[in-house]
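These numbers were taken from a predicted model, which means no experiment stands behind them. By convention in this document, chain letters (A, B, ...) are assigned in the order of the sequence lines, proteins followed by strands, and residues within each chain are numbered from 1.
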Amino acid sequence: MQYQFNEIEKKWQKYWEKNKTFAAKDNDVKPKYYVLDMFPYPSGAGLHVGHPLGYIASDVYARFKRLQGYNVLHPMGYDSFGLPAEQYAIQTGQHPAVTTKVNIEGGVDKQGNVIPGYRNQLDKIGFSFDWDREVRTSDPSYYKWTQWIFKQLFNSWYNKDTDKAEQIDTLIEQFKTNGNTNVNAESADVEHFSAEDWNRWSEEEQQKMLLNYRIAFLSDTWVNWCPALGTVLANDEIKDGVSERGGHPVEQKLMRQWSMRITAYAERLLSGLEDLDWSESIKDIQRNWIGKSVGASVRFTISPPSGESEGAIEVFTTRPDTIFGVSFMVLAPEHPLVNEITTPEQKAEVEAYQKAASLKSERDRQSDIKNITGAFTGAFAIHPFTGDKVQIWIGDYVLASYGTGAVMAVPCGDQRDWDFATHFGIEIKNIFKDKDISEGAYAEKDAVIANSGFLNDLPAKEAIKKAVVEIEKRGIGKGKTQYRLRDAVFSRQRYWGEPFPVYYKNEVPYLIDDKDLPIILPEIDQYLPTEDGKPPLGRAKEWFWDEHSKKTVAVEQNQKPPSGVWGLELNTMPGWAGSSWYFLRYMDPTNDGEFVAKDKVNYWQNVDLYIGGAEHATGHLLYARFWTKFLHDLGHIPFDEPFKKMINQGMIQGNSAYTHWLNLVMFKAIKKDLKFEINDLNVAQYSFMSEFSLSKSIAEKLIAEDKSTEELIKEKIDVAYKKHHPDFKDNVLGKDYEIYFKANSQERIIKKHVDINYVEVNDLLNIEELKKLSRNPLGKAELLLEDNGKYICSREVEKMSKSKFNVQTPDELVEKFGADTLRCYEMFLGPLEQHKPWDTQGITGVHGFLKKLWRLFHTGENESFYVDETPILASADGSPHPSGELEGALKSLHKTIKKIKEDIERFSFNTPVSAFMICVNELTALKCNKREILEPLLIILAPYAPHIAEELWAKLGNTESITYAVFPKVNEAYLVESNHKYPVSFNGKMRFMLELPADMSKEAIEKEVLANEQSQKYLEGKTPKKVIVIPQKIVNVVV
RNA sequence: GCGGGUGUGGUGAAAUUGGUAGACACGCUAGACUUAGGAUCUAGUGCUUCACGGCAUGGGGGUUCGAGUCCCUUCACCCGCACCA
């Protein structure tokens, strides 16, 4: 009986669905294990083989954990709000909810393309997801709770004394009794106010003040505005100065926007990384993004140029130990003090410099780092320790947005300051003992300080501490920690996102009651901004809140709303809102009374294993940690980190295929006698005639300037030209003209992608199949083939994408080889974290292995199902049966059990596949068909190849799914060797193998080895200097 | 510039702790079988040499009886951050 994988797989997928085999049981007595994949954005393009890689690994692990007796939560859902669906809606008018549904469930899009649907594609691979727990972030029953969490964030402030978020009511209480004098909060810069002030203020004034403290707050901030997308973007959505999606330019714009006070959590987000089992690189990216700098803020008083000013410049420095090395100061050109302190003589120069700096974009400023520019303000500051006057400059290497926008320049210890001082001829003081600073600054923190008063002779690290103490003692500053992390902009001027549960009375935001949530996204006529530049929701008529009826109501355009009716927020939430807490919703996906029930979150806790791409390092992964910590602070969840262990799967790259084309512009014809070049018109005429497509080796030869190939091609061109231009006879390219190639041999060939589905084994192009296409990419081209008449393509590894014709869908492979083969093969490909190119050829090896496994169970007549039921007799002590073959089979099985368990436990998903292959190869060689060997083998194989395992498991007479079988125990007794084959080395070089009893003593082994006749050859009559014997390992003889 | 990562046959890779480098596959070469197929089976396959042997884990150096693995140094590629004071 043949291995009918298609039938088997369909059968078991149906069985699992019907029996809800993978349903996780809340509050079960078994220990819990939570395995989570980063949920996908359902795009119309569907899945390619790269997408399921991580899902297969997590599925293997989830199934493995079930076999080990865990209650496993392994859910899947969709991050279904997002830009692509909205862009598509703008183009086609199709509601994003409709396209999203089609992308998930399958169907036909507006252009008539068949969309397979994520769910259908996933189902074919045999994942053990608990689909009853599916979530979609764009579903109102889901985003109701995203809105609810937003409300919590709005109604909270960050108390630095308790170091956690607290209800805003506790803050209001303090304001009522003491004003804000004793409040230690993470907030915007706020003036002090008293209880009287607070109580006197109007409701509106109080609300405006509270926005300075709320964790979700509204403020006028400089935001990254992307005109092409018509929305603002967070810092992590911008790469190299352009939008991550679409690559559009981004500019700075002052807008009233919602933000999240994530900076309040900077320290906890940083320190929390310590205990996470994440890759060092992801942790480092987050550390970098948070960008903690420890140092001091120091005030330098401004020396009044005419005696009247009393100002001071505050700087932040990480090197207070170098304060005696300060020889000037630099302010950012935008620094508010600049205009105040600039002397009349310097005014013109400074203003010119400010103007020049403001005209440069952020990007230009960054890219132009080699040019040292600046201007002297004419003002001086007083050095707080030496009393010296130091010049105050402005320069655009100082950023207004970081620290205080001003630096104390220490040219001997900072290269930029050194460059600046050198360029403008400013004094450079050396405050490092025995360090040469004539060629550049000494930036290491290991010098000993000199010429620095009370800091003399201290190593830098101690000097830092002492300097801070002294600075604080003199009241000129204090120790301070600075972060690079900025508050996260939370508004998007987009339609396809969560609406805010917010309406405005006189520009003051008010929240909608919990019981009236969700606020459902309204219908609009077009998914574009309004004429007057409001976000798309500005088009919705029914987008007003009636405080009396507690409902959204319609107000005609340009009409004043009736009393008690107010305009709702027109922005929507960013993509990361829904994905910041989805892992919690899986625990309790249908709960309409809570975002997650207490008992369920207490049972399931946080995610034990999270698998997904590394590209979310500063976005999703940081925000999810932030929200988790916040929800923990308010007592909603019992943990403050979402994902305990994470593995980032590598990208599967496409293996693009290329055809080669003669670059017709790259040769020219020259009249032999006259040396007259025929003009461009003639060149153009070549392109009217046949094009030439070259098989790989011919293209290569042409690039290598192989003479005979050049001649061959000239001949072909000549013939082809004449065929198409019979009137020219042979006087154009025949006797009188000769074809020459241009010098740059690389450009002789143009490469074009060809669909990998038409490329066979050994890069052979299937020309026959291509011809059947209505749009044959070879067209009428003349083909120059290999000697054997074949056309060979070249290959290149690139990102998998439709435009490169290198997309491999899992569906095709499941059809041809089966889901089990695909699963094993994707794992077999290499370490999960590594990037690797897709290669379909190798899949036959894995497929062959499953067929071989199938045959082990079909040793009956005509390959019918048959296994040997006679039990293996073991001795009372559990030692192996004396029969050699059985001993071998038992050893093979137990060796494999051990390896599979150890490998999966250390997340090495590729090596178990080889172990299975070895085991099946060995059992095949031993002709082993014993139930006692084959049954445990199925259990350990089930995580990788669940369908075939279920089928054979059932054939063995089991009536329950293999999913909850018990992972077999390793019996070490079977693994004990009576003999060991020693590799015998001479001077570290392995020369021969020698089989000796495993329990032989070192001395006896040495004796045996030296007595061996082969040893005599390598000893060459000499006595060995030393013999190293490592029992059960090796023998090394030193001659 | 800073931080992280990766370099092993024609290809994907293996080698948890220093102990036979290249397991397991793909591909390739022969052969068997066959109403030819992308099926199955057998043998071979790092490079080099007729051979004994020699050389091989990006390069160079070191520690060690022994190094892909540890240390130093250097090169290449990938990812992240980048006048961050």
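- Considering only side-chain atoms of N910(A), the nucleotide from G38(B), A13(B), G4(B) that sits closest is A13(B).
- Nucleic acid contact class of M993(A) (heavy atoms, under 4.0 Å, all strands): base.
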Item to check | Under 4.0 Å protein heavy-atom contact, by nucleotide of nucleotides 60-80 of chain B - B base, S sugar-phosphate only | outcome: -----BS-------------B
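- Between R416(A) and C84(B), a side-chain N or O to OP1/OP2 separation shorter than 4.0 Å is present.
- The side chain to side chain donor-acceptor pair (under 3.5 Å) test applied to T404(A) returns no partner, not counting sequence neighbours.
- As rounded to whole Å, 17 Å separates atom P of C84(B) from atom NE2 of H335(A).
- Rounded to whole Å, atom P of C83(B) lies 17 Å from atom CZ of F420(A).
- Ion pairing between E280(A) and R287(A) holds under the 4.0 Å rule for side-chain N and carboxylate O.
- With sequence neighbours excluded, no residue satisfies ring pair (Phe, Tyr, Trp, His ring centres under 6.0 Å) with F992(A).
- The separation between M827(A) atom CE and A14(B) atom P is 13 Å, rounded to whole Å.
- RNA chain B is contacted by F316(A), T317(A), T318(A) of residues 315-330 of chain A, taking any non-hydrogen atom closer than 4.0 Å.
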For residues 1027-1039 of chain A, which side-chain N or O atoms pair as donor and acceptor with protein atoms under 3.5 Å away, sequence neighbours left out?
from: N1036(A); atom 1: OD1; to: G988(A); atom 2: N; distance (Å): 3.0

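- Residue pairs that meet the side chain to side chain donor-acceptor pair (under 3.5 Å) test with at least one member in residues 826-835 of chain A, sequence neighbours left out, do not exist here.
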Distances for protein N/O vs nucleotides 22-25 of chain B N/O pairs under 3.5 angstrom?
from: A25(B); atom 1: OP1; to: N921(A); atom 2: ND2; distance (Å): 2.6

What are the atom names and distances for every N/O pair under 3.5 Å that joins the protein to nucleotides 51-55 of chain B?
from: G54(B); atom 1: OP2; to: R991(A); atom 2: NH1; distance (Å): 3.4

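- For Y758(A), there are no ring pair (Phe, Tyr, Trp, His ring centres under 6.0 Å) partners at least two apart in sequence or on another chain.
- With sequence neighbours left out, the ring pair (Phe, Tyr, Trp, His ring centres under 6.0 Å) criterion links H858(A) to W854(A), F865(A).
- When heavy atoms are screened at a 4.0 angstrom cut-off, R486(A) is found touching no nucleic acid atom at all.
- Per the geometry, CE belonging to M651(A) stands 17 Å off P belonging to U6(B), to the nearest Å.
- Among the heavy atoms of the strands, none lies under 4.0 Å from K981(A).
- F828(A) pairs by the ring pair (Phe, Tyr, Trp, His ring centres under 6.0 Å) definition with nothing, not counting sequence neighbours.
- For E902(A), whose side chain is taken as the heavy atoms from C-beta onward, the closest listed nucleotide among U16(B), G4(B), C26(B) is U16(B).
- Under the rule for a side chain to side chain contact (heavy atoms under 4.5 Å, CB included), the partners of E902(A) that lie at least two apart in sequence or sit in another chain are K898(A).
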